[in-house]
K.L.:
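Sharing a structure here in structure tokens format.
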Amino acid sequence: MLQKINIRGYVKKLNIEHKDFLVEPFDKDPAATIEDAIEELSAHFEGIKIGSTTVHGFLKVDMNFIFKRATFHAEKRNNEENVEERYKWATEIVNSGVNFLRNCIVIDESGFHVNLKRTGAWGLKGKTSVIEVENSQSVSHTILGSISVYGVIHTSVRMPNLLTSQLVSVSVDKKKERLISG
């Protein structure tokens with residue numbers, strides 16, 4: 001005769017099927033939020049009722065994800081044309097016999113990113129979370145620097161020139177108006 005055994009304790013609401021489903025949204029957009037994951041799960045699995053704590057724990061424990069600082073890469077950075085062009089350039093430099101310790105100055109440019117994105121993203125432990133962003137044509141600030149083996153040679157900051165023709169009048173409410181760059 002079989003006896004019915006009562007299972008005690010916490011019964012998990014999310015399982016391997018949910019895990020397989022959640023991999024795709026976080027691969028497409030590592031900066032997706034837990035609320036985004038709840039919406040995706042609710043839309044795909046009928047009748048599922050879960051909270052943010054449940055999804056957060058599932059991502060960390062069962063999926064081995066961690067929330068960390070993201071790395072931003074331009075969309076064009078790793079396309080095949082650019083990789084091939086960089087490879088050709090590096091091959092030419094190596095074959096030219098340049099001595100980097102004696103006669104090279106490295107000039108680098110760093111721009112402030114104007115597209116505000118979340119700086120954190122979900123990703124597997126031990127792997128870098130990369131968010132691809134499009135290049136923007138808006139106003140930016142740039143820092144230029146030149147270094148050699150012996151140290152920093154020169155640095156400068158390039159500020160954008162705002163022309164009055166770039167300012168556009170915007171009505172905030174009936175009483176106030178302000179100018180913003182367009």
Side-chain angles (χ1 to χ4, degrees), residues 1-90 106 108-143 145 147 157 160 170-173 176 178 180-182:
M1 183 171 163
L2 295 173
Q3 291 182 344
K4 185 177 178 183
I5 300 173
N6 290 335
I7 298 175
R8 295 180 159 188
Y10 179 75
V11 178
K12 287 190 170 192
K13 293 181 181 179
L14 301 174
N15 56 37
I16 190 74
E17 186 179 0
H18 301 105
K19 179 180 179 179
D20 293 339
F21 175 77
L22 281 176
V23 168
E24 185 181 339
F26 283 105
D27 276 348
K28 284 182 182 176
D29 183 16
T33 62
I34 291 176
E35 288 76 20
D36 294 337
I38 292 171
E39 287 177 18
E40 292 279 335
L41 287 168
S42 298
H44 191 267
F45 297 98
E46 289 185 28
I48 191 169
K49 294 180 181 173
I50 50 173
S52 58
T53 305
T54 303
V55 174
H56 184 266
F58 186 74
L59 287 171
K60 286 180 68 176
V61 176
D62 296 317
M63 293 185 67
N64 203 25
F65 274 29
I66 189 168
F67 193 76
K68 54 190 161 191
R69 183 174 300 276
T71 302
F72 295 98
H73 288 180
E75 290 175 343
K76 296 179 181 179
R77 175 181 174 169
N78 292 325
N79 68 15
E80 289 189 30
E81 287 179 20
N82 287 343
V83 170
E84 184 66 30
E85 189 177 316
R86 286 193 300 248
Y87 177 76
K88 287 178 183 176
W89 180 83
V106 178
D108 196 10
E109 173 185 27
S110 180
F112 290 92
H113 200 296
V114 294
N115 290 333
L116 296 177
K117 294 273 188 184
R118 290 182 70 193
T119 57
W122 287 97
L124 287 172
K125 289 181 182 174
K127 294 197 175 186
T128 304
S129 294
V130 176
I131 299 174
E132 290 188 351
V133 294
E134 59 186 60
N135 293 339
S136 78
Q137 298 296 323
S138 60
V139 177
S140 64
H141 295 72
T142 305
I143 298 175
I147 60 172
V157 177
V170 175
S171 177
V172 178
D173 59 25
K176 298 179 185 176
R178 64 180 177 153
I180 63 170
S181 61

K.L.:
Go through the structure and list residues passing side-chain contact (heavy atoms from CB on, under 4.5 Å) with Lys88, not counting sequence neighbours.
P.N.:
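Lys88: side-chain contact (heavy atoms from CB on, under 4.5 Å) contacts with Glu84.
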K.L.:
Heavy atoms, side chains only, cut-off 4.5 Å: are Asp62 and Ile16 in contact?
P.N.:
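Side chain of Asp62 against side chain of Ile16, heavy atoms only: no contact under 4.5 Å found.
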K.L.:
Please examine the side chains of Leu22 and Phe65, heavy atoms only from C-beta on, and report whether any two atoms are closer than 4.5 Å.
P.N.:
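They are not in side-chain contact.
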K.L.:
Tell me the closest heavy-atom pair linking Leu41 and Phe21, and the distance in Å.
P.N.:
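Scanning both residues completely, I find the closest heavy atoms to be CD2-CD2, 3.7 Å.
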K.L.:
Mind checking side-chain contact (heavy atoms from CB on, under 4.5 Å) for Asp27 and listing every partner two or more places apart, or none if nothing turns up?
P.N.:
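Partners of Asp27 under the side-chain contact (heavy atoms from CB on, under 4.5 Å) test: Val23.
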K.L.:
Taking all atoms of both residues into account, what is the closest heavy-atom pair of Val55 and Ala37, and its distance?
P.N.:
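Minimum heavy-atom contact is CG1-CB, 4.0 Å.
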K.L.:
Specify the closest pair of heavy atoms between Lys13 and Lys49, including all atoms of both residues, with the distance to one decimal.
P.N.:
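Shortest heavy-atom contact: NZ-O, 3.5 Å.
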K.L.:
Looking only at heavy atoms, which two atoms of Gly126 and Lys68 are closest? And how far apart?
P.N.:
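Where Gly126 meets Lys68 most closely, the heavy atoms are N-NZ, 4.2 Å.
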K.L.:
Any chance you could measure Ile38, atom CD1, to Ile50, atom CD1, to the nearest 0.5 Å?
P.N.:
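Ile38 atom CD1 to Ile50 atom CD1 measures 5.5 Å (nearest 0.5 Å).
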K.L.:
Identify the heavy atoms of Ile34 and His56 that sit nearest to each other, and give their distance.
P.N.:
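Closest heavy-atom pair between Ile34 and His56: CD1-CD2, 3.4 Å.
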K.L.:
Please step through ring pair (Phe, Tyr, Trp, His ring centres under 6.0 Å) for the pair His18 and Phe58, ending with a clear verdict.
P.N.:
CA-CA 10 Å; His18 301 105; Phe58 186 74; 7.1 Å; no
K.L.:
Out of curiosity, Ile66 CD1 to Leu59 CG, how far, rounded to the nearest 0.5 Å?
P.N.:
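Ile66 atom CD1 to Leu59 atom CG measures 12.0 Å (nearest 0.5 Å).
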